[in-house]
Amino acid sequence: DRFALANNTISVTDVSQGVGDLLVMGRYRFFQREDQNIAAIVGIKLPSGNTRQRTNFGEVVGTHNQPGSGSTDFIFGFGYSAHFIKDSIGVSADALARINTDGANEFRSGNSVLLNLALSYKPHNRFVPIVEFNFITQDRDNENNAVKRNSGVTSLFITLGTRWRITENNAILAAFAFPAIQNLPGIQNKENYRVNVGWSYGFQL
């Protein structure tokens, strides 16, 4: 059986399923010099996801276990990218702040700050190894004007990945991430690792 929190009690439930919230991001490059550029980043998360999932006994699952949040959240930040030594070394960094609002059932996720730094090396045109550092600190959640004790996080993930270009427009992406630092106040589930595999295709208009 699987369990979820509903009405402040643990209840049996199937896996919470449904469409999550829609996140729209925009990036505007306002500075460029040779192989370096800086961009402003803005985003908004819309409350389009399902927030009415129920347990096997018909109770509404807690908002933090729902596919959607019911809140409209805002993201602001800056990004930097550059290439050095004839484009063989790439550097990408960004700093993002996320401001969350009240969502379903008077639940509000804690505001957060995310810092990313990625380094890549291109020994030849097809294979590109990547090392990435991802730091996040998030305030504790709030529900019914009360701070949730078992929430909040400060973590640093290190990601080892690669990008393999198959053709001019096709590429396969793979990455393995593990936590170097993971501070989870109260009782929370720790992440041992993350594995991501993807495929990208570039369009030319």
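Note that the structure is a prediction, hence the values are computed from the model and not measured.
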Using a 3.5 Å distance criterion without hydrogens, assess whether the side chain of [X] forms a donor-acceptor pair with backbone atoms of [Y].
X: Asp141; Y: Phe107; result: no
X: Thr101; Y: Ser71; result: no
X: Gln36; Y: Ala82; result: no
X: Gln182; Y: Asn192; result: no
X: Asn169; Y: Tyr201; result: no
X: Arg126; Y: Arg165; result: yes

Self-check item: Sequence neighbours excluded, every pair satisfying ring-ring contact (aromatic ring centres under 6.0 Å, His included) that has a member inside residues 68-92
Solution: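 Residue pairs passing ring-ring contact (aromatic ring centres under 6.0 Å, His included), neighbours aside: none found.
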Quiz prompt | ring-ring contact (aromatic ring centres under 6.0 Å, His included) partners of residues 147-196, not counting sequence neighbours, each pair once | solution =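 Passing the test, one end in residues 147-196: Phe176-Tyr193.
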Donor-acceptor pairs are to be reported for all side-chain atoms of residues 128-137 against protein atoms at under 3.5 Å, with residues two or more places apart or in another chain.
from: Glu132; atom 1: OE2; to: Asn134; atom 2: ND2; distance (Å): 2.9
from: Asn134; atom 1: OD1; to: Thr159; atom 2: OG1; distance (Å): 3.3
from: Asn134; atom 1: ND2; to: Asn116; atom 2: OD1; distance (Å): 2.8
from: Thr137; atom 1: OG1; to: Thr154; atom 2: OG1; distance (Å): 3.4

Practice problem: Could you check if a side-chain atom of Ile172 sits within less than 4.5 angstrom of a side-chain atom of Ile166, using non-hydrogen atoms only? | Solution: yes
Could you work out, with side chain to side chain contact (heavy atoms under 4.5 Å, CB included) as the rule, every residue matching [X], not counting sequence neighbours?
X: Ala95; result: Leu115
X: Ile85; result: Ser88, Ile89
X: Asn111; result: Ile99, Asn100, Asp139

How long is the gap from [atom1] on [X] to [atom2] on [Y], to the nearest 0.5 Å?
X: Glu143; Y: Arg108; atom1: CD; atom2: CZ; value: 11.5 Å
X: Ile41; Y: Arg27; atom1: CD1; atom2: CZ; value: 4.0 Å
X: Leu173; Y: Asn196; atom1: CG; atom2: CG; value: 9.5 Å
X: Ile158; Y: Ile181; atom1: CD1; atom2: CD1; value: 8.5 Å
X: Asn150; Y: Arg140; atom1: CG; atom2: CZ; value: 8.0 Å

Practice problem: Return the set of residues passing side chain to side chain donor-acceptor pair (under 3.5 Å) with Asp35 (not counting sequence neighbours), or none when no residue passes. | Solution: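 Result, side chain to side chain donor-acceptor pair (under 3.5 Å) vs Asp35: none returned.
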Residues which pass ring-ring contact (aromatic ring centres under 6.0 Å, His included) with [X], listed by chain and number, not counting sequence neighbours:
X: Phe30; value: none
X: Tyr28; value: none
X: Tyr121; value: none

Quiz item: Is Leu22 linked to Ile75 within one hydrophobic cluster, defined over Ile, Leu, Val, Met, Phe, Trp and Tyr using a side-chain heavy-atom separation of less than 4.5 Å?
Solution: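 Leu22 and Ile75: separate clusters.
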Quiz item: Going only through I, L, V, M, F, W and Y residues with side-chain contacts under 4.5 Å, is there a path from Phe127 to Leu119?
Solution: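 As far as the 4.5 Å side-chain criterion goes, Leu119 and Phe127 are not connected within one cluster.
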Quiz item: When Ile, Leu, Val, Met, Phe, Trp and Tyr are grouped by side-chain heavy atoms lying under 4.5 Å apart, directly or through other members, which residues fall in the same group as Leu184?
Solution: Val153
Exercise. Using the salt bridge (charged side-chain N to carboxylate O under 4.0 Å, His left out) rule, collect all pairs that involve residues 182-200, keeping only residues at least two apart or in two chains.
Key: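 Those involving residues 182-200 are Glu191-Arg194.
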Quiz prompt | Candidate pair Asp73 and Lys45, rule salt bridge (charged side-chain N to carboxylate O under 4.0 Å, His left out), full reasoning | solution = CA-CA 5 Å; Asp73 306 329; Lys45 184 186 71 62; 3.3 Å; yes
